[in-house]
Every structure is written in C-alpha cells, then in structure tokens.
K.L.:
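Attaching a single structure in structure tokens format; questions to follow.
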2 protein chains.
Amino acid sequence: MCALRVVESEPGQSRYAALAAAMRARIVAGEWPPGCAIPAEQTLASEHGVALGTMRRALDLLAEQGLVERIHGRGTFVRQGLGGAPMLRFFRFGASGPDAPKSRILARERVAAPAEIARALACGPGEQALRLKRLRSVGGQPALHEEIWLPLPLFSALAEGDPGGWGDLLYPVFAERCGVHVHRAVDTIGFGSLGVAPARALRLPAGHPCARVQRQAFDLAGRCVEWRTTLGDANAFHYTVSIT
Amino acid sequence: MCALRVVESEPGQSRYAALAAAMRARIVAGEWPPGCAIPAEQTLASEHGVALGTMRRALDLLAEQGLVERIHGRGTFVRQGLGGAPMLRFFRFGASGPDAPKSRILARERVAAPAEIARALACGPGEQALRLKRLRSVGGQPALHEEIWLPLPLFSALAEGDPGGWGDLLYPVFAERCGVHVHRAVDTIGFGSLGVAPARALRLPAGHPCARVQRQAFDLAGRCVEWRTTLGDANAFHYTVSIT
DNA sequence: AAGTGGTCTAGACCACTCT
DNA sequence: GAGTGGTCTAGACCACTTG
C-alpha cells in the first residue's frame, strides 16, 4: 500500500498551499462530509511526510477560507453549510427580535429557466427549474417577498410534498432533503420600486420604493445552487460596511 | 542602556499577541510614521528577546489588521491612510471609468457641531467644527452630494485658502495639510428621498428616491476624524457583498 | 552581494476537551 | 489521562529587491 500520500506542488506554489488544495479536493469530493472531524494534524502530517508546522499552515489556510473550523482540544471539522443566511441583516423592522422571520410559500412551479437564470444557475438554458415565491413576516407583519429559483433535478425532493413543514429557514431544508450544503452566498443590493404582485403581498402600494437583494448561493464545489431575489420596503433597509 | 525591550503579557494572552499590541502602540504613538519601514524581523526579535517565528506571528497579526504591509524582499511598512475611499463602489454611473469623480466645494463654514455629530466626532458638544458641502460629478454629470463635518482645530488648515486647489480626493488633502491619516471607515447605507437643496445640486426633482451613505472615518488611534453623509440617485446604487 | 521577508523542519511544552 | 489544537524555539534554506 501507498502509506505516504505525496502532494506535488506546481512551481511557484508553496508546499502548504499545495497541501491545502489537496485537502480541499478531498473535502469537496465528500471524503469528509460537512460536520465531520478530519484526522489530527499529526496524523495528516506524517501521512503526507511533512513537518507538523507545514500541515498546520495548510489547515490554517482552509480555516481562513471557511472550509473547516478548528476547535481547540476537540479537533478540526468540515464546516456545516450556512444556517440561515440572515437576510434580516439588510433590514430593520420594528420590534424584531433575533428570531428568524416566519415563512410562507405562496407558489411553487416547475418551469423552464429563462436564459439569465439558467446561466447563473449553471444548468443548461431551457432546463427545468423549480420556482418558489415566498413571503416572510416579522412580528406578524409581511416584510420580505422572495422569488427563488432552484435547479432540477437537484432539488426534485422539494417539488413534491407539503411546503408547510419546511420551517422558516430554507438552507437547513436544502441540506436535509436534498443534500445540498450552501457554503457561500453573494448578495447584490439595489433599489427599485414594487411591482403589483409583490406590493399586494407586502401590503404596500404598487410603485412603493423597495430594496432588492439578489442572491446567488454556492455549494462547496462552487456550483451555483440558488438564485433568489428578495424585495423589502426601502425605508426598512440599512446596512453597515467597514472598510480598511 | 536597556538593550532588551521586554513585553509582559496579560495572563491568557499569547506572547505574539502582546508583542503585536506593543508594536501597535509604538506605531500609534508615531514612532514610525505612515509609509515608514519598521526594523527587520530579526532585529525586532532579538530586541525583544524572542524567537524569530514569534515576532513574525506578531507582525503577521498587525498585517491582518491592516496596520502594516509586508513586502517580500523590501521590508515591513506602516500603512498609508486610505487613498480615496472610493464612494463609487456604491454607485454605478453611466460610462464612468475608474477615474475619481470631479469634486467641487459648494460651501464651507465654521459652525458649532450639533449634539449627534459632536458625539460621533469625539469632540465636546457644541465645539467648533468645519462643515463642507461638496458636489461630485462623473462624466460632467452631477452624481453625488456630500455634507462633511470635520473637527476643529484639527482641520483648521482647511478653514482658510482656496478649496479649488484641493483636488478630487479629500483624504490625501487631510494627510498633507492636516497630518491626519484616515485608516478605517465605517459606511452605513440607507434609503430616503432628496431634500430641496441636494436635489437642485444633483439636477433631480425634490423628493426623488436617493441612497444615503453615512460615513465615519477613523485615524490610526481610533479617533473619529470625519462624519460624512453622501447622497446619490437610488437608481444608480448597487453594491455586492459576499458572505461565508 | 547584502538585506529583506517567506518557507520548512523537528521538537518541546502548554491549554483545552472529553471520558 | 489521552488526545486535540495552540504556542514557542532555533536554525536552515529559499525568493525577492536593491545597490
């Protein structure tokens, strides 16, 4: 057997970077699923025939990139997907505690994805997708209106059954029912005005100014697994960025 | 003379963290001004009586925090302040290249700072401050309207003379004329509608929807040295955030 | 060629967590 | 107490920049 798992690095790349890339590949391939503990530093170091410090740097790199989480005294773990990517960090609604907003599915359809969305979702143009419309309420008041596109057949488990049992957060549902772990999301913020349908759902006049958050969510392998557009009252929008 | 500069760490703090804090203090105190090279790792390590690796971790920490910049083969340098904190990353105006927007000062007054601003600026309430109004144009079109508060007497050099010679970016002016280096800024994004004066300056109707970016800027020591409110057409706003 | 930061090693010891 | 990650050391060698 090959006891030593040697990693060759491209020229110009450091050994710890090459090790990190190799570990990353093993994680993405599913050798250690999310939440799982990976072997101890010392074990990995001797497995690859490198010094402990070098393997530590590799693991530190993966931790910086958010791929693993290191816990002193316990071990190194593959990170779980995002729990609920808190859309509420973009909005401030009156008297909202830290609770997740209540969620209600308004519509669910299988449709062919339009070109723009098919391109973003990394599925062929015209391929089938699942389109959800969803209303989220805070303190009993409608607050956010969402249109969500999910590629099929990856999410076919969500095309059937009662959406009422899904709960208020979507990403845990993705993980449990579809085995999809959302690892990274990119949100693009803009301002616009409400169309007729979202306005009615939000109990605001059509044309009312709104904030639009367009999200693409990605799994560990970097595939785009969700395309979402969230609308909310522009006056409830606020967001803080620190730059250095 | 005391050849060894020993750093005692609080219990529970690692030695490199204590070293980093000590170095930070020397930088903030002005021992090495912005842009200046600090002594070599080896020099600092023996100066403090620690191993090279330990001093490296301390310097790496400062680099992460944005306090210093490490350049392979050249040295470690105290970071210059922010050049122009590009307000344009929040807006997209037609046909705008990467050039800084043209700047024109509309008004400049010494006034007593209102309570809210005095609190933010870390100067006593009712203390004198400099208030600027400024119009920034992209491609010849007015694009952003700014109200800027600066504490006096720190910025008294800007209270006199012709603002026409300041150029299009403010932070280099702060550095050259007032010795103030902006090191960090916090921007809060909100939404509203234009008042009469900003609307006229921007050639938009009063009440037009606008994005509001409220900025607090800080120097190395963490003092708030600027309070700014920027307004621009809400339809030109866009911003992208990545979450992990 | 001299000086800088970047990588890698090999090993000791400490701090934390679980059983 | 056994196993984990975190800190620290001492030294070798490499890669990059400058004179």
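By convention in this document, chain letters (A, B, ...) are assigned in the order of the sequence lines, proteins followed by strands, and residues within each chain are numbered from 1. The figures that follow rest on heavy atoms only: side chains count, while hydrogens, waters and symmetry mates do not.
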K.L.:
Mind calculating the distance between CG (A:L52) and C1' (D:dT9) to the nearest angstrom?
P.N.:
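The distance from CG of A:L52 to C1' of D:dT9 comes to 14 Å, rounded to the nearest Å.
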K.L.:
Round to the nearest Å and state the distance from A:M55 atom CE to C:dG11 atom C1'.
P.N.:
18 Å
K.L.:
Taking 4.0 angstrom as the limit, do B:E146 and B:R228 come out as a salt bridge?
P.N.:
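B:R228 and B:E146: salt-bridged.
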K.L.:
So, OP1 or OP2 of D:dT7: does either fall under 4.0 Å of a side-chain N or O from B:Y16?
P.N.:
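Yes.
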K.L.:
Applying a 4.0 Å non-hydrogen cut-off, can you work out what B:I71 is touching in the nucleic acid: base, sugar-phosphate, or nothing?
P.N.:
sugar-phosphate
K.L.:
Side chain of A:T54 only, please: which of C:dT4, C:dT7, C:dT9 is the nearest?
P.N.:
C:dT9
K.L.:
Do any N or O atoms from the side chain of A:H183 and from the backbone of A:G66 form a donor-acceptor pair under 3.5 angstrom?
P.N.:
yes
K.L.:
Figure out the CZ/C1' separation between A:R15 and D:dA12, and round it to whole Å.
P.N.:
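One finds 13 Å between C1' of D:dA12 and CZ of A:R15, rounded.
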K.L.:
May A:H72 be described as stacking on the base of C:dA15, applying a 5.5 Å centroid limit and a 30° limit on plane angle?
P.N.:
yes
K.L.:
Nearest whole Å is fine: how far is C:dG3 C1' from B:I38 CD1?
P.N.:
15 Å
K.L.:
Residues in side-chain contact (heavy atoms from CB on, under 4.5 Å) with A:R70, at least two apart?
P.N.:
A:E41, A:R56, A:L59, A:D60, A:A63, A:T76
K.L.:
Counting side-chain heavy atoms from C-beta on, which of D:dT7, C:dG5, C:dT7 comes nearest to B:E41?
P.N.:
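Shortest atom-to-atom distance from the side chain points to C:dG5.
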K.L.:
Let's see if you can work this out: which of D:dT7, C:dT9, C:dG6 has an atom nearest to the side-chain heavy atoms of A:R56?
P.N.:
D:dT7
K.L.:
How many Å lie between CD on B:Q13 and P on D:dG6, as a whole number?
P.N.:
17 Å
K.L.:
Do you know the tightest heavy-atom contact between A:R79 and A:V68?
P.N.:
CG-C, 3.8 Å
K.L.:
Output the rounded distance in Å from CG (A:L61) to C1' (C:dG6).
P.N.:
13 Å
K.L.:
Measure the acute angle between the ring planes of B:F91 and B:F93, then classify it against the limits of 30° and 60° as parallel, tilted or perpendicular.
P.N.:
parallel
K.L.:
Over how many whole Å does the gap from A:L59 atom CG to D:dT7 atom C1' extend?
P.N.:
16 Å
K.L.:
Quick one: on DNA chain C, does A:A17 or B:T76 contact a more 5' nucleotide (nearest heavy atom)?
P.N.:
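Final value for this comparison: B:T76.
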K.L.:
Estimate the overall bend of the helix from C:dA1-D:dT18 to C:dC18-D:dG1 from the end axes over five pairs each, rounded to 10 degrees.
P.N.:
10°
K.L.:
Please pick, from D:dG5, C:dT9, D:dT17, the nucleotide with the shortest atom-to-atom distance to any side-chain atom of B:R74.
P.N.:
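Shortest atom-to-atom distance from the side chain points to D:dT17.
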K.L.:
Name all residues meeting the ring-ring contact (aromatic ring centres under 6.0 Å, His included) criterion together with B:Y239; count only those two or more places apart in sequence or in a different chain, and write none if there are none.
P.N.:
B:F90
K.L.:
Within this structure, what is the CZ-to-C1' distance between B:R57 and C:dG6, rounded to whole angstrom?
P.N.:
15 Å
K.L.:
Would you say the side-chain atoms of B:S137 and B:R104 include a donor-acceptor pair closer than 3.5 Å?
P.N.:
no
